[in-house]
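Just follow the structure's listing: the first ligand is 1, and inside any ligand the first atom is 1.
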Amino acid sequence: MVKIRKTLIAANWKMHKTVGEAANFVKDFLPQVVGVAEVDMVICPPFTCLPYLSAGLKDSCVQLGAQNVFWARQGAYTGEISTAMLQDLGCSYIIVGHSERRHIIGENDLIINRKLKAISEAGMVPILCVGETLPEREQNQAREVVRLQLEQGLKGVAAPELVVAYEPVWAIGTGINANPADAQEMTGFIREYLAILYDKTWAEGIRILYGGSVKPENIAQFVAQPDVDGALVGGASLDAHDFARIVRLNSNA
Ligand code: 13P
């Protein structure tokens, strides 16, 4: 199967790694992905590692992303970080709406929408995370939950450069990945709904990732699905060898 969309594999390090640990990762990881050209690679470290990685990844084919952002460009917002600050460090991508921020921090669709607008206006690429909880899946509400997250998150956002990550909450950090056929069913639905929200041609070009217990052993099954264009990887991205294996499984290099 030839896909028109380039595969994207993104690492979400969450709240892991000091600068020293990030430096060791880069030293181990980069030699293992030399020559990988048919996969876009992104690392989203904690904010504190961004300056180091900005320099450390400069001449590599690995791009830099952030895990969060605030919607204002600057001002009296103690503890927050703006798109301008992230751009200054060479970030191209920003994760928004991750389930840990929705469920642990309490971010709602209104906040997520503000962030999406800010990211889009800054010309950066949001990785919008959507996904249902286990009770929602069991009650056959998965599609409606994800549809609402897309509708409300993207409200008033001009057809943006966008990546969507379908991350079922019950699959995150549990070791229990979604069945690849279920991931296809949901990513296919997301693409259909984006076509309704925006337009079909645009939706065909949008990359939709799967996230939730992705490992070297299962990545190939996910990217083999027609509407899964890559992965957002948590735990397995912390180990340079495992993350390189995940990237290389979808590469001829
Ligand atoms: P795990 O790969 O650890 O399940 O985490 C997935 C995730 O939340 C990526 O954003």
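The backbone N or O of Ala203 lies less than 3.5 Å from a partner atom in the side chain of Arg191, making a donor-acceptor pair. No side-chain donor-acceptor contact under 3.5 Å links Glu167 to the backbone of Gly131.
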Table of N or O contacts for ligand 1, cutoff 3.5 Å:
{"residue": "ligand 1", "atom": "2 (O)", "partner": "Gly234", "partner atom": "N", "Å": "2.9"}
{"residue": "ligand 1", "atom": "3 (O)", "partner": "Gly235", "partner atom": "N", "Å": "2.8"}
{"residue": "ligand 1", "atom": "4 (O)", "partner": "Gly173", "partner atom": "N", "Å": "2.6"}
{"residue": "ligand 1", "atom": "4 (O)", "partner": "Ser213", "partner atom": "N", "Å": "2.7"}
{"residue": "ligand 1", "atom": "5 (O)", "partner": "Lys14", "partner atom": "NZ", "Å": "3.2"}
{"residue": "ligand 1", "atom": "8 (O)", "partner": "Lys14", "partner atom": "NZ", "Å": "2.8"}
{"residue": "ligand 1", "atom": "8 (O)", "partner": "His98", "partner atom": "NE2", "Å": "2.7"}
{"residue": "ligand 1", "atom": "8 (O)", "partner": "Glu167", "partner atom": "OE1", "Å": "3.4"}
{"residue": "ligand 1", "atom": "10 (O)", "partner": "Asn12", "partner atom": "ND2", "Å": "3.0"}
{"residue": "ligand 1", "atom": "10 (O)", "partner": "His98", "partner atom": "NE2", "Å": "2.9"}
{"residue": "ligand 1", "atom": "10 (O)", "partner": "Glu167", "partner atom": "OE1", "Å": "3.2"}
{"residue": "ligand 1", "atom": "10 (O)", "partner": "Glu167", "partner atom": "OE2", "Å": "2.9"}

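Under 4.0 Å is where a charged nitrogen must lie from a carboxylate oxygen, and between Glu38 and Lys6 no such pair does. Between Asp109 and Arg102 there is a salt bridge, with a side-chain nitrogen of the basic residue lying less than 4.0 Å from a carboxylate oxygen of the acidic one.
The minimum heavy-atom distance linking Ile9 with Gly230 is given by the pair CD1-CA, 4.3 Å.
At a cut-off of 3.5 Å, with distance as the only test, a side-chain donor of Lys115 or Asn68 sits close to an acceptor on the other residue.
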